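See below for the structure under consideration.
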2 protein chains.
Amino acid sequence: MTTGENGGAAVPARLRELPSRLLGQASTHAQRLVTEALGRADAHKWHYAALVALEESGPASQAALSDRTGIHRSDLVAVINELAARELVERAPDPGDRRRNVITLTPLGRRRLRRLEQLLDAAQGELLTPLSAAEREQLTRLLGRIVEHHAHGGPAMGSDGQ
Amino acid sequence: MTTGENGGAAVPARLRELPSRLLGQASTHAQRLVTEALGRADAHKWHYAALVALEESGPASQAALSDRTGIHRSDLVAVINELAARELVERAPDPGDRRRNVITLTPLGRRRLRRLEQLLDAAQGELLTPLSAAEREQLTRLLGRIVEHHAHGGPAMGSDGQ
DNA sequence: TGACTAACGTTAGTGCCACAAACGAAACTA
DNA sequence: TAGTTTCGTTTGTGGCACTAACGTTAGTCA
């Protein structure tokens, strides 16, 4: 074997069953899977979030996009830069409020979004392989309740990945 | 309100229900809670993992500890340093194999572990507040299956937190 | 016995991510 | 008009998972 002196891993049950630890490990695997999947298409998790928000709610300022995606203002700048460089999005000054930029989804961006959705769905499938459809939905609901509960107030609405 | 121009957050459902994203956000909250809780006692998530492994399986080499805790070899060095500085653990060369160090839990370390367990339990409780006992157990089982499934083979066994 | 291979602990460094701080410009507000 | 707030932006920080490399020590086996 590669490491220790005994047989299997022998991770203590107190560690194995610790919810926060399980969340961390599952999240690590999840982020790796989606990063790899989207990376093959030269995309990033945040790209998908921004494109989805734009398709869902139409053109928006960067501040509004930050709200809808959870991407931090200071990180969103680079994301829009990259999307604009790929012509998936257009950044134009807002004539009605010259502090703002209006970000608009291009037709190319919409087609791109379709592709990213496929890649992302595949990654979710791979992530949730060991779970049945009912279990997947249950997991999603349980996680959703936790996230929603802690989202109110805390400094973190997290620009977490996909 | 603090940001955008419309009412609530209005996060698209496609983002809100994405399992990998939910995992990431839940994990972020979880890590923050346990880091804060343990931080109040001048401790770190990894400290707990190492102490638990030592109590569970007795004295061990750093390599064995790395296996049992999931903490990377290169990070474990600093963890043992800190635990040894607090006299919660003793690091001694292994007479039978001079490449190895034998890490031993001290009585003080064992008492410390009791305290950290309390803090950690409280943090888990806070994290899982919106869930019933049955739901907590279900979440743990579902996450455990995912983690176990992806743990076999991948480069990541993750030195994830608690 | 000696050469090779592998495991050990350790150091240093990488890339990603969530986030804070501060700034000029523009817009509201009193 | 003065003061405050929002906007986009730049810069920096701390934590985490992980890789690479190195000297030391142990096994392997020609």
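For clarity, every value in this text was computed on a predicted model and none was experimentally measured. Within every chain, numbering begins at 1; the chains are lettered A, B, ... in the order of the sequence lines, protein sequences first and strands thereafter. Values reported hereafter were calculated over all heavy atoms of this structure, with side chains retained and with hydrogens, waters and symmetry mates removed.
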Nucleotide of D:dT9, C:dC17, D:dT6 approaching A:R100 most closely (side-chain heavy atoms): D:dT6
Pairs meeting criterion salt bridge (charged side-chain N to carboxylate O under 4.0 Å, His left out) with involvement of residues 80-91 of chain A, two or more places apart: A:D42-A:R86
Any residue meeting side-chain contact (heavy atoms from CB on, under 4.5 Å) with A:R115, in chain and number order, not counting sequence neighbours: A:Q118, A:L119
For B:L33, side-chain contact (heavy atoms from CB on, under 4.5 Å) partners two or more places apart: A:H150, B:E126, B:L127
Whole angstrom value for the distance that separates P of C:dA18 from CG of A:L76: 13 Å
Protein-nucleotide distance (A:D75, atom CG; C:dC16, atom P), rounded to Å: 13 Å
Listed nucleotide nearest any side-chain atom of A:V77, set D:dC16, C:dA18, D:dT9: D:dT9
Sequence-aligned protein contact record of nucleotides 21-29 of chain D, with B where the base is within under 4.0 Å of a protein heavy atom and S where only the sugar-phosphate is: B---BS---
Rounded distance in Å - NE2 (B:H47) to C1' (D:dC16): 15 Å
N/O (side chain, A:H44) to phosphate O (OP1/OP2, C:dC17) under 4.0 Å: yes
Pairs where residues 55-64 of chain B contributes a residue and the test salt bridge (charged side-chain N to carboxylate O under 4.0 Å, His left out) is met, not counting sequence neighbours: A:R14-B:E55, A:R14-B:E56, B:E55-B:R110, B:E55-B:R114
Results of side chain to side chain donor-acceptor pair (under 3.5 Å) for B:T106 - residues two or more places apart only: none
Euclidean distance, atom CZ of residue B:R21 to atom C1' of C:dA18 [Å, nearest integer]: 13 Å
Backbone of A:I71 reached by a side-chain donor or acceptor of A:S66 within 3.5 Å: yes
Phosphate OP1/OP2 of D:dC16 contacted by B:K45 side-chain N/O (<4.0 Å): yes
B:H72 NE2 - C:dG13 P separation (whole Å): 17 Å
Ion pair check, B:R32 and B:E36, cut-off under 4.0 Å: no
Upstream residue (5' side of DNA chain D) when A:S74 and B:T35 are each assigned their closest nucleotide: A:S74
Between P of D:dC16 and CZ of A:R32, the distance in whole Å: 16 Å
Euclidean distance, atom CD of residue A:Q31 to atom C1' of C:dC17 [Å, nearest integer]: 10 Å
Gap between atoms CD and C1', on B:E36 and C:dA18 respectively (whole Å): 14 Å
